[in-house]
Structures are given as C-alpha cells and as structure tokens.
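Comments concern the structure below.
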Amino acid sequence: MLQSKSFVKKTKQGRIQKVVREHYLRDDIYCGFVPCTACAAAAERKLGAAAAAILVVDTNVVLHQIDLLENPAIEDVVLLSVVLDEVKNKNLSVFNRIKALCINKARRFYVFANEQHRDTYVKDMVGESSNDRNDRAIRVAARWYQSHLGESVKVLLITNDRDNKRKAIEEGLNAETVESYVRSLAQPGLLDLVVVPTSGDVSMEDVDDHRPSKKKVIYNEHKPMSEITSGLRCGIYHQGKLRVNRYNPFEAYVGSESIGDEIVIRGRSNMNRAFDGDIVAVELLPQDQWHESKSFIADDDEEEEDVHLVPNSADDAPRNTNSTQSTVGSSAPSISSRPVGRVMGIIKRNWNSYCGSLQPMPMPAGSGGVAHALFVSKDRRVPKIRIQTRQLENLVNKRIVVAVDSWDVLSRYPSGHYVRTIGDIGDKETETEVVLIENDINTRPFSTQVLACLPPLPWTLSPEDLANPNRQDLRQVRVFSVDPPGCRDIDDALHCTLLPNGNFEVGVHIADVTNFVHPGTPLDEEAAQRGTSVYLVGQRIDMLPKPLTEDVCSLRADVERLAFSVIWEMTPDADVISTRYTKSVIKSCAAMSYVEAQARMDDSRLVDPLTVDLRNLNSLAKIMRQRRCERGALTLASAEVKFEIDSETHDPLDIGIYQIREANQMIEEFMLAANVSVAEKILKHFPLCSLLRRHPSPTKEMLEPLLRTASSIGLNLDVSSSKALAESLDNAKSNDPYFNKLIRILATRCMTQAVYFCSGDLTFSEYYHYGLAASLYTHFTSPIRRYADVVVHRLLAAALNIAKLPPIFQDGPQLTGIADNLNYRHRNAQMASRASVELHTHIYFKTRPTDTEARIVKIKANGFIVFVPKFGIEGPIYLTPKGDKGGDWVVDEVHQRVTKPGTNISYAILQTVRIHMEVVEPQPHRPKLQLTLI
C-alpha cells in the first residue's frame, strides 16, 4: 500500500521547498509476542510468553526514564519506530542506550515499525502539532496491540503526559504513569530510579532546611530560547561551552567566538544552574565588576583542594586569574582585562550520570520510608545533587551513580535520582569502575555482531594477499619494532637499509588495520564510537577486539603481517630524496623494548646488522630532531609516572618517574615524520575532507602564570612564537640541575590540547601545530588503538587509488561529528589514565607515609601548591589553620613570595621544601592524601 508524505525544508540558499516522498505501508510487520499465532512462524519474537503485561512506552518515558528501563526488572517493552525516531532527534546518547537494549538478546525489548504498518500508520491532521500527531500514533499502535493480542495478555501504555493518558483511557486503552506502574511491581528499590517530575523539585523539602517558609528564589529564571536567539543576534548575549575549573568549582569559563575571548563566570549564582559542558548564553557584567580578589587554597570540607597529578595542559591546570598588578601585601581587588559575565540561559544541556557518595548524615529514625540525602560527586565540578531514596542504609559509605533530573530556581541544588551502586568506598575495583564511568569509557564486551566481522582464526597470509598488485612484498627486508616493555598491540615497525649510493632507505610500517575493519560494518561503527583504546595502570580497554589488536594486526616478531608503509630515501644528513607509500607484507625479525634497543645501541661490542640499523636510525633521528627544534618545535617536559605492580594483588609495589631514553626519541621522530608525510599526501588529494590534527597556539592568558613565575625569578621568556619560546626554554639555566626541567613542566601546563578536525572546516593557516612547529599534521601510525588513524588510512588508500573513498567523506557535518567524537574520546581516555595513576598513587601511600622534597609552584594567600618531582604529583600546603584566610601572611605577587610579618619566615616560587605525605581520614570512609611541611 502506497502513501505520500510531504514536508517543507529550507535550502542552503534560504529558499523554502516542498518535498513529497512515497511511503510504503506493509502488513507483514509482526508483533514480536512469543505465543502469538496470528503472526508468521518465522517472525522475530522477543516479548515473553509469561509477560504480565506488554508495555508500550511513549517518547518522554524513554528520554527521561532510561535508567529505569535499563533495570532488568523492566521487560516486555515495545519500542515504536515513531518513538525511536523522536528520541534520536532529541538525545543521541539516550537513543544509543535504548538501541543497545533492543539489540541485546538477553532483554525483551521489541522494535515495532508502526510508521510502516498499514494498520498503525497515521496521517497528519490539519492544525495538529508534530507532538500531538506522534502521541496519537502511539495510542493507535497501543490499540492495535490490544486488538491483535486480545485476551492473551494485557497491553499497557506507559506515559507521564496527562493529556495523552486521559485520551488513551477515553479511547478504551489501559494507561498508567511510570510511578504507578513501578509501584505495582512491589519492588520499592525501583522507585529510586523513577525520575521526579520537574515540579516535584519545588515541593520537595530542602535537605539542609526543613522549613518550607525559608524557600526563596536563589537563581534567576533562564531566558526563553526566542529571547536568547534575539540577544545572540544583537550581541547582547554570547554563546559558548561552559567549562568549570577542575580545582575551583565556583569558577567557570565560556569560550566565546563573538568577542574572541574567554568569559570568566564567578560563583554559582552567576553560573545560574549551568553544568560543565553545557552550551550557554552569557551576558557580560559591567566592566567595573570585572574585579579579581586574592587567591586562596580552598579549605572548606566540601571543596578542599586535592593532591593530583601534575597537569599536562592548560585544560587540566587550575586557572589563576590573579592580576600581576596587585601591590605588595595588598588585599584590594584589581580590575581584570578578562571579561566577566553571567549565564542567562541554557542552549543545550550536558547532564550525565555521576559517580560519588552520599554526604555523611545521621540515619533517620525508622526504616523503609523516603529519605532525603545529598549526593557528592567525585568530580568536584559537579554540584551536590539532592535525591530521594527508600534504601538509605544500603547506600551509606558506598560509591553510587546518580543522574540529574532538574534544577529549580528555588533549589540550592539540582534534583536527581539514584541509578545504581558500584561498591564500597576505597575498594580498588570500585574506584577503578568510578574512573571509567566518570570518563564515559565504554567497557561493554564486544557484541556478537562485532565479533562476527573478525577474520577466521588462526589468521594466516593468503595467496591473494601476496598476489595483490597494490601490496609490496617486503618480507626480505630487516624490519623490527621498538615499544614499551610487554607491549602486545604493536602498531608500528621500522627498517633502515644502507643503499649502494650511500643513502638510506628508511621505512615506517604500520599495521594494516583497514584490511580487516571495513567501513560501515558493526566492527567499524563500534571502533568509531569508542574512538581510542584506554590505558589504565595494569589494564587496557581496547578499541578493537583482542584477536585483532594482539594477533591478526599486531606486528609481532617472526610472523607475516600486512602493513601500510611510508618509505623514504634519505641522505646520511637526513635529507629526504623521495617518499613513497604502499600497502605491504612484512615479517618483523625482532620486537624489542626501549630498554633492549637502547642497550644494543650503547654496547660497543655489538656490530650485528640489527644493532647497526638501530644506530643508523638513531643518527638520522638526532639530525631530524635538531632540525625540528630549529624550526620552533617545543621540547616540553612531563612527570609521567610508572608503577611496579604486584602480580597477585595488582597493588603498586613501587612508584617512580618514567625515564625517556634515546630509543624513545628515535621512534618518536620517525612516527612524527610519517604522520607529516601522510598529512601532506592526503590533503593534496582531498583538500576538503582530510582528517588532520592541529595544536592551537596558547593564548596570552594561558601563558600568564608561566610569565609571572619567570619574571619573579628574573627569567625573561619570549613567548611571541613557538620558536622564541623554545629558544627561551633552552636558555633557562641555573645552578639547580632540576631548574630547566621544572620550567618546562610549567610551560607544558600552559599549552592547549591538540585536536582533530576536518580540513574543510578551517583555513590553511589554522591547520598549524604549535608544539611541533608543523604546518600540517595527522595521526597515521597507531590504527590499532586510535580510530583517527583508521580514517587516515582510508584517505591514504584512496589517494593512492588502492581503494574507493567511503561515502561518509562526502558528508561534511558527519566528518565534523567524527572529529568531535574523537576529541571527546581522546580527552576522556587521557583523563581516565590520569585518574587511574592518581588512584594507584593513593593506594601506594596508604601504607607508606613518606618524607620527600617538593618544589613550590604556586603561591596562595594561605599557603602554596607544591610539586613533588619524585612522584609526579602536586597538592596544597596550608600555612594557616583551615578556615583562616591567611591574615598572618602577606603575599608579594611581583616576586611570588609569601611572608609572615615580623619574622624571617618566607616561601618563594620554585623553592625546595621538605614535606610529609600520608593518607588520612578527615571523615570516616573518606581517605585522602595529605601533604604537610616538615
């Protein structure tokens, strides 16, 4: 049966077009109920024979009650196609979660294509809104199920929409709200999962003050979208993503393109219920309100600054907006050059589920009733969240997951609901799971659909692979790999052959992952969603299934493997004579660790061919590195921590700073060269759809803390360009052997994060990679663990006419979406890795109180922040009792020194101090690592 659907759309030129499409209706779409005899025998059936009721849920139930739907107590659910389409348009994250339920064979969730069924398709009615039309379609589908299944099972429409429920009952349907249905299941714990309606936030008693008369308006109402749109157009408001300071949750920043600067938002009142990651509309405050006050170490119980890993970019570092113009000892506020504003409205919410625990509180009398509690997230950027629970005694001293539902202007805190319990506070497995959840790391096992895409195992090289004219046989070439110890997912290998003319043939060989991961397959879609492998202490969460990462694709020694190769002819002075790219077959002769490769190069007694190849590569790498630095590439420093892990308990036995050897730098240099060469090749062929990587220059504000520190010790740093900064860092010398590395660490934390982008989205001048001083850069060398490299491999294959470019490369917005997801996943993987290191550092010191040296890296009015070089961490040292705002100490901003008047006691920036490190419990079940002066 054929219907026609018409709609209007706006073209890029601004014209309105009417589009008419044919819509085919069928009668062979089945109900999915196991006992149904009316549907064909071969039809898919997921709705159980013993179901008490078949649940038809509306769009808002899916959007707002997804945590409840994911609970195993909720089964036999019909998801209508009209509901799924609406959910996909409104919230892609929720859509992916409900889609996962539908394809999970262990869950009884059935998708019914009501928009394609002859009996359930509804035409648009004149004057009917799309929302009303969809509600009507849901009722029609529920009525069809009721008629189709008859008396065999009850069909129940679940909706919180009063009007939709009323109409359903009037039409003879069974309809209930979410809460009434959950209550009928007689499982009180499930009620904690039910999202409280927005109006419920107003009527709920305040946890801190049970007197309703105390209710008052705390926040301003958000402006409606129509007013926000008008204000943005007129320049009254400025749009951007709000980022809350990791180390001061009462300060946030909104990057605004409209004013070309970052707007500072101070205080929860000015944040106006915005969460980290929300897209907001901001109004600038009058300039006389852009004042800055003295900087303190936060010291109240809920916001005390923690010991953490040393930041490795400006995105990780605590912001310091204190003016350098402050007079010595002055407490008067100064006017900032940075704009200050307040949030006027939320354009797009970024509410997630959060991990944490309930704020310690006395247990209420009695049991089984509804208790009000405050949830405190592990992420300090998230405000406390008010929840109701019927199982308070089971949640105390546990790590739990809570989701946000609403935040009313009358409420100091947002309202949310309990989702699930992770485990006991302090338990290592629990805390590791918290790390993964907080950073949105996908740890689900690979689905059967994904695993079905893998080649048959054991995999071996086929005659077809060798006969492929686009694949060069390099098995006779002496190829080898150099990686961290114990590495099993080997992405890259190299060779260095002396040619008869005295030049070298140098090859970088990268695992040919795209030979096994084909576009559009479930395997490819899963890898694209995960974006990257995630490396925790002693644990790896793979982007691709292990049969690929550790076997089929891994360039292990003494096995034949497929590769994608970049091969140069180079002079002994590292001048490139020619470059070629080819798919290849290799057979690595050795898989060495960095330590093993370095030992070979250092042992003058060894003159075997492999060792000679290593030395030749290292000689070339040193020249390449020197040239890169001369062009302005930065040599920064980080305090990368490594652990020795107990093989049985998996607890840390020792901790130290990771040592970088010449072998590490050698491999890095050739990987960088390969990435640059591939970037040039793909951009030449695909100027509008290449996936590249850029590193934006740090802003003046980002560099200001480094410049202030340098100035206070008489060091002049030129930051006018990356080359000028590189030369300044090279000239930063002192009698202190650690001085230069410390300055480089401080410079590292001023840098922006490098990001992926689609070449068609930016101008060529914006492609620049500041840290590498490279006009073009991409990622090609790690396709086993980074999806960006998979994309780049496809681009390179198409540039070489080896394969066709997948259709997705013609879709600019979709490519931009891929780049955005890669940046999100890469960032989260970094943060998860850092959090894992911090967790294991905490575990290590729990039984090992330690005295050690530290360096002062930031002066505050009531103390200072120290960096502990031996362990790569930093944290606060208090000079005054907590709660005392430093009245006995005077800060000299110019010389970055804090002094106690009337004494000769003072502390200056970069000064060495002795500290004691110990895990303490300021509150029961709340251990923390504490630093104190000795």
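By convention here, the first residue in the shown sequence is residue 1. Just so it is clear, the values below take in all heavy atoms, side chains as well, and ignore hydrogens, waters and symmetry mates.
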*Just do the salt bridge (charged side-chain N to carboxylate O under 4.0 Å, His left out) check on Asp551 and Arg556 with the steps written out, would you?*
CA-CA 8 Å; Asp551 183 9; Arg556 297 180 295 129; 3.0 Å; yes
*Do you see a donor-acceptor pair shorter than 3.5 Å between the side chains of Arg744 and Asn740?*
yes
*Side chains of Ser720 and Asp718: donor-acceptor distance under 3.5 Å anywhere?*
yes
*Between Lys700 and Glu704, is the closest basic N to carboxylate O distance under 4.0 Å?*
no
*Is the side chain of Ser690 donor-acceptor paired with the backbone N or O of Leu692 at a distance under 3.5 Å, no angle test?*
no
*Before giving the answer on side-chain contact (heavy atoms from CB on, under 4.5 Å), spell out for Val755 and Arg694 the whole-Å C-alpha distance, their side-chain angles and the decisive distance to 0.1 Å.*
CA-CA 6 Å; Val755 291; Arg694 62 191 284 260; 3.7 Å; yes
*asked:* Pair Trp568, Phe504 - check ring-ring contact (aromatic ring centres under 6.0 Å, His included), show working.
replied: CA-CA 8 Å; Trp568 304 279; Phe504 293 101; over 10 Å; no
*What is the ring orientation for Phe564 with Phe780, classed by angle as parallel under 30°, tilted 30 to 60°, or perpendicular over 60°?*
perpendicular
*Nearest heavy-atom neighbours spanning Pro572 and Leu620*: O-CD2, 3.8 Å
*asked:* Can you tell whether the side chains of Arg625 and Glu662 come within less than 4.0 Å, N to carboxylate O?
replied: no
*Hey, could you give me the CE/OG distance between Met666 and Ser619, rounded to the nearest 0.5 Å?*
10.5 Å
*Quick one: does Arg786's side chain have a donor or acceptor within less than 3.5 Å of a partner on Gly531's backbone?*
no
*Which atom pair, heavy atoms only, marks the closest approach of Val479 to Ala493?*
CG1-CB, 3.5 Å
*No-hydrogen, no-angle side-chain donor-acceptor test under 3.5 Å, Glu505 and His495*: yes
*Do side-chain atoms of Ser554 reach the backbone of Arg488 as a donor and acceptor pair under 3.5 angstrom?*
yes
*Before accepting this row, confirm whether a basic side-chain N of the pair Arg530/Asp542 lies closer than 4.0 Å to the acidic partner's carboxylate O.*
no
*Side-chain H-bond candidate by donor/acceptor type, Asp492 with Thr781, under 3.5 Å*: no
*Ile660 versus Gln665: any side-chain heavy-atom pair under 4.5 Å?*
yes
*Donor-acceptor pair between Thr763 and Ser765 side chains, under 3.5 angstrom*: yes
*Please report the shortest heavy-atom distance between Lys583 and Asn470, naming the atom on each side.*
CB-O, 3.4 Å
*Mark yes or no for whether Thr611, through its side chain, and Val607, through its backbone, hold a donor-acceptor pair below 3.5 Å.*
no
*asked:* With no hydrogens and no angle check, just 3.5 Å: does a side-chain donor-acceptor pair link Asp440 and Tyr824?
replied: yes
*Hey, are Asp512 and Thr514 close enough side-chain-wise for a donor-acceptor pair under 3.5 Å?*
yes
*Report the residues that fulfil side chain to side chain donor-acceptor pair (under 3.5 Å) with Gln626, sequence neighbours left out, ordered by chain and then residue number.*
Glu630
*Is the backbone N or O of Val450 less than 3.5 Å from a side-chain atom of Ser447, with the two atoms forming a donor-acceptor pair by type?*
yes
*Hey, does Val837 have a side-chain heavy atom less than 4.5 Å from the side chain of Phe643?*
yes
*Ignoring hydrogens and geometry, is there a side-chain-to-backbone donor-acceptor pair from Ser836 to Ala832 under 3.5 Å?*
no
*asked:* Please evaluate residues Ile745 and Leu636 with respect to the criterion side-chain contact (heavy atoms from CB on, under 4.5 Å), reporting the C-alpha separation (whole Å), side-chain torsions for both, the decisive distance (0.1 Å), and the verdict.
replied: CA-CA 7 Å; Ile745 288 174; Leu636 298 173; over 6 Å; no
_Tell me whether Glu669 is salt-bridged to Arg628, with the criterion being a basic N under 4.0 Å from an acidic carboxylate O._
yes
_To the nearest 0.5 Å, what is the distance between CD1 on Ile510 and OG on Ser565?_
8.0 Å
*Between Arg600 and Met592, is a side-chain contact (heavy atoms from CB on, under 4.5 Å) present by the stated rule, with each step listed?*
CA-CA 10 Å; Arg600 276 180 173 271; Met592 294 171 281; 3.8 Å; yes
_Quick check for you: to the nearest 0.5 Å, what is the distance between Asp489 atom CG and Asp483 atom CG?_
8.0 Å
*Tyr777 vs His695, ring-ring contact (aromatic ring centres under 6.0 Å, His included): CA-CA, chis, key distance, verdict*: CA-CA 9 Å; Tyr777 192 66; His695 184 205; over 10 Å; no
*Is there a donor-acceptor contact under 3.5 Å linking the side chains of Gln830 and Ser833?*
no
*asked:* Keeping Asp524 on the side-chain end and Thr521 on the backbone end, is there a donor-acceptor pair under 3.5 Å?
replied: no
*With sequence neighbours left out, write down each residue that passes side chain to side chain donor-acceptor pair (under 3.5 Å) with Asp811, or none if nothing qualifies.*
none
*Given side-chain contact (heavy atoms from CB on, under 4.5 Å), test Leu691 with Leu815 step by step and report yes or no.*
CA-CA 8 Å; Leu691 182 70; Leu815 273 181; over 6 Å; no
*Can you find a side-chain donor-acceptor pair between Asn821 and Gln529 that sits under 3.5 Å?*
no
_Donor-acceptor pair, side chain of Asn439 and main chain of Val435, under 3.5 angstrom_ = yes
*asked:* Less than 4.0 angstrom from a charged side-chain N to a carboxylate O is my criterion; do Glu464 and Arg471 meet it?
replied: no
*Side chains of Gln659 and Asn664: donor-acceptor distance under 3.5 Å anywhere?*
no
*asked:* Whether the side chain of Tyr581 engages the backbone of Ser677 through a donor-acceptor N/O pair (distance < 3.5 Å, no angle test) should be reported.
replied: yes
*Side chain Gln598, main chain Ala663, donor-acceptor under 3.5 Å*: yes
